[in-house]
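Encoded as structure tokens, the structure appears first; notes follow it.
Treat the numbers as computed from the prediction; the structure is a model and nothing was measured.
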Amino acid sequence: MIITMDENTTRVTQSFVTQVSPSRMFKALILDSHNICPRLLFSSIKSIEYFEGDGDVGTIKQINYIEGGEIRYTKHRVDALDKEKFMCKYRFIEGDGFIDSMLEFLTHEIKFEGYGQGGCVCKITCDFKAKEGVEIKGIDIELVKHKPLGMYEVVEAHLKAYPQLYA
């Protein structure tokens, strides 16, 4: 993980290697996340709904989390989507908890690149800016870092167990 900061923005860049192809990871985690994530991550995600659009650039998705957690919901807008290069960039635009109370903005850019014999490297770049007077601590950066990775690892394990999915 690489963390860089300037006076306005903090950037957290991380990557991990998977034994699943870039196209399958992209299809599952980006194009079909509204179906697969609530099924596999039922202990944290209740549902993912299209609030506006159909998945392409400009789409707004709402992620509803299970009751009793720190966050009830988040909404994000797809800002860039390249289905041939397996890349997506989205911006959180609304939510409760950490994002709305502490951050001016939060964006994620995800790329899946071929690696080895049929696997891929997933590169995640997260940019965020704290609200005026808010200090971002290491624990907050850990939260931003671990949530996507945990989700991706669960989906990777499922795709390895069911190689015909998203083939």
Side-chain angles (χ1 to χ4, degrees), residues 1-38 40-41 44-45 48-63 65 71 73-95 97-100 102-116 119-131 134 136-156 158-159 166:
M1 176 176 71
I2 300 170
I3 301 173
T4 58
M5 296 181 194
D6 65 24
E7 61 190 56
N8 294 315
T9 304
T10 300
R11 171 171 279 183
V12 178
T13 304
Q14 54 190 335
S15 62
F16 70 94
V17 176
T18 171
Q19 297 173 5
V20 177
S21 72
S23 65
R24 290 182 67 218
M25 290 292 286
F26 182 79
K27 287 174 187 173
L29 284 164
I30 305 301
L31 301 181
D32 199 38
S33 64
H34 60 287
N35 288 315
I36 197 168
C37 290
L40 297 181
L41 304 162
S44 59
I45 296 177
I48 300 176
E49 303 166 5
Y50 286 114
F51 194 72
E52 198 174 289
D54 61 0
D56 288 325
V57 173
T59 292
I60 296 175
K61 285 184 182 182
Q62 179 169 313
I63 302 171
Y65 299 93
I71 301 171
Y73 78 97
T74 57
K75 286 183 184 175
H76 70 263
R77 180 186 66 231
V78 178
D79 290 336
L81 184 68
D82 188 327
K83 295 176 184 176
E84 274 118 45
K85 293 184 180 177
F86 310 120
M87 184 279 297
C88 179
K89 184 173 183 177
Y90 59 92
R91 173 180 299 268
F92 284 88
I93 58 171
E94 185 181 321
F98 173 75
I99 295 169
D100 273 0
M102 298 183 76
L103 299 179
E104 202 63 45
F105 70 83
L106 170 63
T107 64
H108 279 92
E109 180 176 295
I110 301 134
K111 295 179 184 178
F112 299 96
E113 299 174 352
Y115 180 80
C120 74
V121 175
C122 175
K123 296 180 180 180
I124 305 168
T125 302
C126 174
D127 292 319
F128 59 93
K129 178 182 179 185
K131 287 186 175 181
V134 172
I136 301 296
K137 299 178 178 115
I139 189 98
D140 301 322
I141 292 174
E142 289 296 312
L143 184 95
V144 168
K145 177 181 100 171
H146 287 297
K147 288 219 180 227
L149 280 180
M151 178 175 74
Y152 288 18
E153 289 169 347
V154 169
V155 172
E156 174 198 14
H158 186 72
L159 294 177
Y166 306 103

Check [X] against [Y] and note the closest heavy-atom contact, atom names and distance.
X: Asn35; Y: Pro38; result: O-CD, 3.7 Å
X: Pro22; Y: Phe112; result: CB-O, 3.7 Å
X: Val121; Y: Ser15; result: CG1-CB, 3.9 Å
X: Cys37; Y: Met151; result: SG-SD, 3.9 Å
X: Ala130; Y: Leu103; result: CA-CD2, 4.2 Å

* Just checking, any donor-acceptor pair under 3.5 angstrom between side chains of Tyr65 and Thr74? -> yes
* Does Lys85 NZ have over 12 foreign heavy atoms under 6.0 Å away? -> no
How many angstroms lie between atom [atom1] of [X] and atom [atom2] of [Y], to the nearest 0.5 angstrom?
X: Met102; Y: Lys129; atom1: CE; atom2: NZ; value: 14.5 Å
X: His76; Y: Gln62; atom1: NE2; atom2: CD; value: 11.0 Å
X: Tyr50; Y: His34; atom1: OH; atom2: NE2; value: 4.0 Å
X: Ile36; Y: Ile45; atom1: CD1; atom2: CD1; value: 11.0 Å
X: Cys122; Y: Glu153; atom1: SG; atom2: CD; value: 10.0 Å
X: Asp127; Y: Thr13; atom1: CG; atom2: OG1; value: 7.5 Å

* Asked: So Ile93 and Lys75, side chain to side chain contact (heavy atoms under 4.5 Å, CB included) or not? Walk me through it.
  -> CA-CA 6 Å; Ile93 58 171; Lys75 286 183 184 175; 3.9 Å; yes
* To do: Give every residue pair that meets the salt bridge (Lys or Arg N to Asp or Glu O under 4.0 Å) criterion with at least one member in residues 48-63, sequence neighbours excluded.
  => Asp56-Lys83
* To do: Could you please spell out the steps behind the side chain to side chain contact (heavy atoms under 4.5 Å, CB included) verdict for Glu156 and Val154?
  => CA-CA 5 Å; Glu156 174 198 14; Val154 169; over 6 Å; no
Report yes if the side chains of [X] and [Y] come closer than 4.5 Å at any heavy-atom pair, otherwise no.
X: Ile110; Y: Tyr90; result: yes
X: Ile124; Y: Tyr152; result: yes
X: Val134; Y: Glu104; result: no
X: Thr107; Y: Glu109; result: no
X: Leu81; Y: Phe26; result: yes
X: Val12; Y: Phe128; result: yes
X: Thr18; Y: Tyr115; result: no
X: Glu94; Y: Tyr73; result: yes

* Asked: Is there a donor-acceptor contact under 3.5 Å from the side chain of Arg24 to the main chain of Leu159?
  -> yes
